[in-house]
Number of protein chains: 2
Amino acid sequence: MSKILPPVGSDCVSCSIRKTVLFAGLEISDCESIHHPIDDIALAPNEVLYRAGDTARAVFTIRSGLLKLVQYLPDGRQRIVRLLRATDVTGLEALLGQPYQHDAIVLQQSEICRIPLEVIQRLDQENHKLRKELMVRWQRALDEADAWLTQLATGSARARMARLLLRLVSGSEGNSCELFGREDMGSMLGITTETASRIIAEFKRSGALQEIPGSVSLKCDTATLNKIAAD
Amino acid sequence: MSKILPPVGSDCVSCSIRKTVLFAGLEISDCESIHHPIDDIALAPNEVLYRAGDTARAVFTIRSGLLKLVQYLPDGRQRIVRLLRATDVTGLEALLGQPYQHDAIVLQQSEICRIPLEVIQRLDQENHKLRKELMVRWQRALDEADAWLTQLATGSARARMARLLLRLVSGSEGNSCELFGREDMGSMLGITTETASRIIAEFKRSGALQEIPGSVSLKCDTATLNKIAAD
DNA sequence: CGTACTGTTGAAGTGCTTCAAGACACGTGG
DNA sequence: CCACGTGTCTTGAAGCACTTCAACAGTACG
């Protein structure tokens, strides 16, 4: 179940990542005028942040962890259209009165800020910096969506997988990354779980991926992966 | 070459589609305060509206016609990430000072409004309705991008092609649509031109597509296409 | 200790690509 | 006006990448 940490009210003042997230540009004084509760939510893998079709009453900022945004085809098959990581914002459709467009499901233990619609609307009126920040987030989501299509839906399965891995290690230290289920990898790349499994196994054998003893993470040989990604 | 129609200044007042485009919600009095020239551009197939990397000084509204947004892979292959049709807006990255993210190239004879950055910024300060309208356009582009991935990059080539055709006829009267080059179809669906050609040919033979005598358009049997799209 | 779930691997089938050739429309110059 | 180039669409045949179906290993959990 979704576990809500000790209610923090407007603890945004002491938020360690405030400068990099949606409220970048806001002054401490602005934060103090937040009276609605901003919940800090901790979610474990497979837990659901929101479902497609839910009425959207809040926008979310990812503080840490990893989530997937999932859409479904008429026949019920799923397709993962984006990943969310630290500093990403999701649920912006809330600002337009639309229901959420995806299922947002946790892949790796996550910490998420839930920002009620009222807070955004109020801050938006009082402070013009938030508006710019919102546009930036919207555009970032759009750029991500386009990159996802070009990089992860084009070329051979091996190349797409290599690009996915490079994407996962980028921004993480030591070129290591924690993989997720083969089925999820499959629906990110539009391939079957078996093919995903075979490719990962092959990468391990060839040394492009290496197990780290005593860790769930894998070390990525980015040079090799880059060659494969070029296809 | 890009042909600029007789300069119209702020003829937005008499624009026939004003209510459905970016300036929906603006009053005639608002339009009168537009002093920068809003060019009305006519472009023929294969002409370029803008290129990826160009400094973005304007946002565009499509009045009629059809354009493609293209991104390129490191190896030079192209991928079409979205189509633009009447009432769509593109080039929103201009508002953030980013260069354009795609090549925007005309597929079918088009008429396009070029709205200089300064006009948007000025109207945005004077009139709050524009802000909402901008957010709506941003979200619409995002929804389009996600749908493109789920529908046109998932499943068999036949199913994807059927979904593309259904997309093209939706909104056009009489279930007819004008096709474009096989190569473009290929880079929309992530398949080769030969496969695109074979599938179209097969659709014609099976009756799912039918030539209209004396026209370049084709009639689509939506019932059949829907079955194929379900795959 | 059995059940359930995920990952791995094999073997057979098929759908798409690749390479190659021919058909057709278009414009250009002799 | 026809011959000729160029570009796009079509079609065939061969090869290969991915899927499908199936079996089995490993781990988690009651």
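In what follows, chains carry the letters A, B, and so on, assigned in the order in which the sequence lines appear, proteins first and then strands, with residues in each chain numbered from 1.
Side-chain N/O atoms of A:Ser197 include one lying less than 4.0 angstrom from OP1 or OP2 on C:dT8. Within the structure, a side-chain polar atom (N or O) of A:Arg205 is placed less than 4.0 Å from OP1 or OP2 of C:dT9. Between A:Arg198 and D:dC18 there is no side-chain polar atom (N or O) within less than 4.0 angstrom of OP1 or OP2.
Rounded to a whole Å, the CZ atom of B:Arg158 is 18 Å from the C1' atom of C:dT17. Across the protein-nucleic acid pair, B:Arg182 atom CZ and C:dT17 atom P stand 15 Å apart, rounded to whole Å. For the pair A:Met185 CE and C:dT6 P, the computed distance is 15 Å after rounding to whole Å. Rounded to whole angstrom, the span from the CD atom of A:Glu183 across to the P atom of D:dT20 amounts to 13 Å. Atom CD1 of A:Ile199 and atom P of C:dT8 are 12 Å apart (whole Å). Whole-Å rounding puts the A:Phe180 CZ to C:dG7 P distance at 11 Å. Taking atom CD1 on B:Ile200 and atom C1' on D:dT11, their separation rounds to 15 Å, with Å as the unit. Remark: P of D:dC9 and CD of B:Glu202 are 18 Å apart, rounded to the nearest angstrom.
Comparing atom distances between the A:Thr195 side chain and each of C:dT8, D:dT11, D:dT19 picks out D:dT19 as nearest.
Residue-level contact check: A:Ile191 touches the backbone only, with heavy atoms under 4.0 Å from sugar-phosphate atoms and none from bases. Within 4.0 Å (heavy atoms only), B:Arg160 reaches no atom of the nucleic acid at all. Backbone-only contact: A:Ser156 has heavy atoms under 4.0 Å from sugar-phosphate atoms and none from a base.
Donor-acceptor pairing under 3.5 Å is lacking for the side chains of A:Arg182 and A:Ser197. Judged by distance alone, the side chains of A:Gln71 and B:Thr150 do bring a donor and an acceptor atom under 3.5 Å apart.
For B:Trp148 (side chain) and B:Ile80 (main-chain N/O), a donor-acceptor pair under 3.5 Å exists by modelled atom type.
A:Pro99 has its side chain out of reach of A:Asp54: every pair of non-hydrogen atoms, C-beta onward, lies at least 4.5 Å apart.
Under 3.5 Å, the side chain of B:Glu194 and the base of D:dC9 form no donor-acceptor pair of N or O atoms.
Aromatic ring pairs are classed by plane angle as parallel below 30°, tilted from 30° to 60° and perpendicular above 60°; the pair B:Tyr50 and B:Tyr100 is parallel.
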